[in-house]
Structures are given as C-alpha cells and as structure tokens.
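First the structure, in the form of structure tokens, and then the observations on it.
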Amino acid sequence: MSTPSPGYGYPQQPPPYGHLPYPPPPPPAPARRWWQHPAVVIAALVVFPPGGIALAWLAKWSRTKKIIATVLASLWFITPFLGDPPKEPTDDAKPKSVATATATAEATVTPTPSASPSPSGPPSYVGQNLKEAKAAAYSAGFNAISHDASNSDSGQWDDDNWKVCFQASAAKKVGSMPTLDFGVVRNEWPCPAKDGEPIPYPKMPKVVGQTFEKASMTLKPLTLQAIEADSAYTDVTLPAAVDDWTVCFQDPEAGEEITYPKTTTAYLKVTAPGTACPKTEFTELHPDPTPPSTDDDSDDSSSSSSGGSDGGGSVGTVTPGAYCSTPGSTGVSKKGTLYTCKGPGQERWRR
C-alpha cells in the first residue's frame with residue numbers, strides 16, 4: 001500500500017509564523033570601488049609599491065594573490081637601495097695620480113720665484129685707485145706699500161690721487177702679513193712702459209685749421225680743465241655758439257707736453273666761417289682809417305698831451321690787444337690809432 005503524500009486527506013496547514021514557503025534570495029554583492037580595480041592596484045604596485053600593497057589587501061583578491069603581490073612589490077621597492085659593489089680604479093685614473101704626484105714632487109724640489117701673483121696668490125690690482133687697491137689687498141690678507149713708478153720718486157701723500165701701474169711682492173714684510181709693493185703714478189698720468197722709466201706725457205695736438213667743435217673733440221681725451229674760445233680779431237665779439245668757427249691760434253702750442261691736464265686750459269682763438277685768419281694775434285678785422293701823416297714831433301706832443309689828460313702817461317708805440325702793466329697809460333699803434341691800457345679783466349691795449 002502506497003504511502004499517502006503529505007497532507008493527503010488532511011487539510012493543509014499554514015507555515016509557522018515567520019517562515020517563508022521558499023528560501024530568500026542572496027543579498028546583492030557590494031559595488032566595487034575605483035581603487036579596487038585590478039588595473040589601479042597593479043599600477044600602484046609598480047609606481048609606488050607601499051601604496052600598491054595597501055590597495056592589494058583591500059581589493060577582492062584571494063589571499064594567495066595578495067601575498068604574491070606583496071612579496072614582488074617589496075622586492076621591486078628595495079632593489080634601488082641595494083648598493084653597488086665598489087669599483088676598481090680604472091686605467092684612466094692611474095696616470096692622473098702619477099702625474100699629480102710627479103708635479104707635486106717637482107714643485108717641492110725646485111720652486112720657481114715669480115714677481116707676478118701666482119694662481120693661489122693675491123689678485124692683480126693694476127689699474128685700480130691706490131686707496132681702493134690697498135683696502136682690497138688688506139681684505140685679502142695682504143699689507144701694501146707704494147712707490148713712484150716714474151723716475152721722479154715722488155711721495156704719495158694722498159692715496160686717492162694715485163693709480164696702480166705695477167704690482168710685485170715687497171722685499172720685506174710689513175708686520176706679520178705678506179706685503180705687496182705697488183708702482184703708482186697720478187690718476188691723470190699714463191703709466192710708463194716699465195717701472196722706474198719716465199712718464200710718456202701726452203702732447204698737445206695741432207688743432208689750428210679745424211672747427212671749434214672738431215678741435216674740442218680732438219682735445220677731449222686729454223681731460224683738460226677747460227677748452228675756451230676767444231676771438232682771433234680784437235674788434236670781433238664772439239656769439240654764444242662758435243662750433244663752426246675756425247681755429248686760428250692755439251695755446252698750448254702743438255707738441256707741448258701736458259703734465260697737469262686737470263689744471264690746464266686750452267685757449268683757441270677762432271674766426272667766423274668765411275673770414276680768413278689774421279697773420280698775427282691781436283689784429284683788428286676793421287681797423288680805423290689811417291690818420292693824416294704828421295712829423296714825429298707832432299706825434300710825440302700829441303701823445304704826451306693825450307697821456308697827460310688820462311693821467312697814466314704815454315708809452316709811445318703799442319700793439320693793439322697786447323697785455324699792459326700800467327692801467328690808464330696810453331699809446332698809439334703803428335697806424336696812429338690811440339689805445340689805452342684798461343680792462344675789463346686783464347689790462348690790455350684797447351681803444
């Protein structure tokens with residue numbers, strides 16, 4: 001006899017309270033984060049192993065994969081820190097050591113004295129102001145003395161007025177510091193060719209025939225105190241600008257040595273464009289007409305009376321524009337024109 005199926009002939013009973021007639025579905029798997037992606041984890045293991053190891057253990061990998069990833073990443077991370085074995089000296093380094101030792105031995109056995117600074121010695125102060133050179137040498141650990149580099153043997157009372165032409169080690173030290181000996185000349189002078197030789201003073205160039213502007217440029221390298229223009233004719237007044245006027249006379253003369261340019265003034269006597277230079281200095285461009293000829297006695301009496309009226313006396317024949325020593329005295333030119341010794345400025349024979 002067959003066994004009746006459950007519930008056969010009996011009413012079906014409801015399931016117990018709280019039980020479902022079928023098992024519930026499994027819960028959904030949690031979503032994978034971006035940093036759990038295998039590509040991200042592997043890239044981190046290669047680029048930054050410590051961070052990659054941390055991500056590997058947070059990823060949904062099996063325990064075996066996590067251990068393998070940790071070991072490989074650790075080896076990859078510590079490999080660069082492993083030191084290389086010491087290298088043997090190459091063949092190129094051996095000759096250099098031998099050469100260095102040889103050079104050191106030669107320098108110890110046969111030292112060569114030299115007046116010029118060695119690479120390890122003091123720097124060169126040639127061309128610098130003496131005061132600044134002494135200060136710089138002292139800062140570098142050297143005392144300094146100086147002497148006249150020319151044949152004049154002048155003393156250096158003010159170091160600021162001299163410049164260094166030559167430099168050598170002093171024969172005797174000043175104190176405990178090594179001492180330098182500077183051969184010097186005045187700032188405005190050129191250095192001699194050798195220490196102790198005469199100074200090659202600059203010479204006044206010839207500027208006669210040039211325009212005043214060009215002559216000024218020619219004289220500029222001499223660093224003179226001033227360059228002044230004066231009229232080549234005593235009866236011509238200069239305008240404010242004379243750059244295009246022609247130089248007729250110069251003082252100092254061409255070829256004269258300029259020993260003290262800072263106190264030397266060049267005087268250039270010029271004439272207007274298109275006007276010829278006078279043959280001599282102190283010449284008038286438009287002289288007075290020649291007076292009627294008279295005998296010598298009348299000239300002398302006239303001169304005496306004129307001189308007496310001025311109170312300075314008469315000196316006879318004078319050169320117009322020339323310097324005179326007795327203000328108020330009178331004289332006549334070769335053409336018979338009356339001149340008086342007067343200013344402004346230095347007294348000259350003026351009309």
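Side chains included, hydrogens not; waters and symmetry mates left out as well; all remaining heavy atoms used. Here the structure is a predicted model, which is why all the values come from computation and not from measurement.
Remark: side-chain polar atoms of Thr275 are not paired, donor with acceptor, to backbone N or O of Thr271 under 3.5 angstrom. Looking only at distances, no side-chain donor or acceptor of Asp181 sits under 3.5 Å from a matching main-chain atom of Ala168. Within the 3.5 Å criterion, the main-chain N or O of Gly196 finds no donor-acceptor partner in the side chain of Asn151. In this structure, Ser231 contributes its side chain and Val236 its backbone to a donor-acceptor pair below 3.5 Å. Put simply, the side chain of Glu256 never gets that close to the backbone of Met204: no donor and acceptor are under 3.5 Å apart. In this structure, the side chain of Gln156 engages the main chain of Ser154 through a donor-acceptor pair within 3.5 Å. With hydrogens and angles ignored, the 3.5 Å screen pairs no side-chain donor or acceptor of Thr283 with any backbone N or O of Lys279. A side-chain donor-acceptor contact under 3.5 Å links Thr179 to the backbone of Val174. The main-chain N or O of Thr259 is found under 3.5 Å from a side-chain atom of Trp189 such that the two form a donor-acceptor pair. Looking only at distances, no side-chain donor or acceptor of Arg186 sits under 3.5 Å from a matching main-chain atom of Trp162.
In this structure, Glu213 CD and Asp244 CG are separated by 8.5 Å, a value rounded to the nearest 0.5 Å. For the atom pair SG (Cys165) and CD (Gln128), the distance works out to 12.5 Å, reported to the nearest 0.5 Å. Summarising the geometry, atom OG1 belonging to Thr218 is positioned 12.5 Å from atom NZ belonging to Lys206; distances are rounded to the nearest 0.5 Å. Atom OG of Ser146 and atom CD of Gln167 lie 12.5 Å apart (nearest 0.5 Å). The CZ atom of Phe142 sits 10.0 Å away from atom NZ of Lys173, with the distance rounded to the nearest 0.5 Å. Here the CG atom belonging to Asp160 is positioned 4.5 Å from the CG atom belonging to Asn129, to the nearest 0.5 angstrom.
Taking the side chain as every heavy atom from C-beta outward, Glu257 and Lys203 approach each other to under 4.5 Å. Leu222 is listed as a side-chain neighbour of Pro205, based on a closest heavy-atom distance under 4.5 Å. No side-chain heavy atom of Ser329 sits under 4.5 Å from any side-chain heavy atom of Thr340. Val332 is not listed as a side-chain neighbour of Tyr339, based on a closest heavy-atom distance of 4.5 Å or more.
Looking at every heavy atom in both residues, Ala149 comes nearest to Asp195 through CA-OD1, 3.4 Å. The two residues Ile258 and Pro252 make their nearest non-hydrogen contact at CD1-CG, 4.1 Å. Across Ser150 and Val185, no two heavy atoms sit closer than the pair N-CG1, 4.5 Å. Shortest non-hydrogen contact noted between Asp148 and Ser152 is OD2-CB, 3.6 Å. Summarising the geometry of Tyr267 relative to Glu228, their closest heavy-atom pair is CE2-OE1, 3.3 Å, with the distance given to 0.1 Å. Among all heavy-atom pairs drawn from Val208 and Cys248, the shortest one is CG1-O, 3.5 Å.
Atom CE of Met217 is surrounded by 12 or fewer heavy atoms from other residues, nucleotides or ligands within 6.0 Å. Annotation: Asp153, atom CG; neighbour count of heavy atoms from other residues, nucleotides and ligands within 6.0 Å does not exceed 12. Remark: Tyr138 OH is loosely packed, at most 12 non-hydrogen atoms of other residues, nucleotides or ligands lying under 6.0 Å away.
Following chains of ILVMFWY side-chain contacts shorter than 4.5 Å, one cannot reach Leu224 starting from Phe249, and the two form parts of different hydrophobic clusters. Under a hydrophobic clustering in which Ile, Leu, Val, Met, Phe, Trp and Tyr are joined whenever their side-chain heavy atoms come within less than 4.5 Å, directly or via other members, Tyr260 and Tyr201 fall into the same cluster. The hydrophobic cluster containing Trp245 also contains Leu219, counting ILVMFWY residues as joined when their side-chain heavy atoms lie under 4.5 angstrom apart, directly or transitively.
By the 6.0 Å and 45° rule, Lys269 stacks over the aromatic ring of Phe282.
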*asked:* Using the rule given for side-chain contact (heavy atoms from CB on, under 4.5 Å), can you reason through Val184 versus Phe166, listing the C-alpha separation, both sets of side-chain angles and the distance that settles it, and then say yes or no?
replied: CA-CA 7 Å; Val184 297; Phe166 306 99; over 6 Å; no
*List the steps and the verdict of side-chain contact (heavy atoms from CB on, under 4.5 Å) for Thr211 and Val270.*
CA-CA 8 Å; Thr211 62; Val270 296; over 6 Å; no
*Is there a side-chain contact (heavy atoms from CB on, under 4.5 Å) between Ile227 and Leu268 once you walk through the steps?*
CA-CA 7 Å; Ile227 302 173; Leu268 307 180; 3.9 Å; yes
*Derivation and outcome, side-chain contact (heavy atoms from CB on, under 4.5 Å), residues Cys341 and Arg348*: CA-CA 5 Å; Cys341 182; Arg348 296 188 182 188; over 6 Å; no
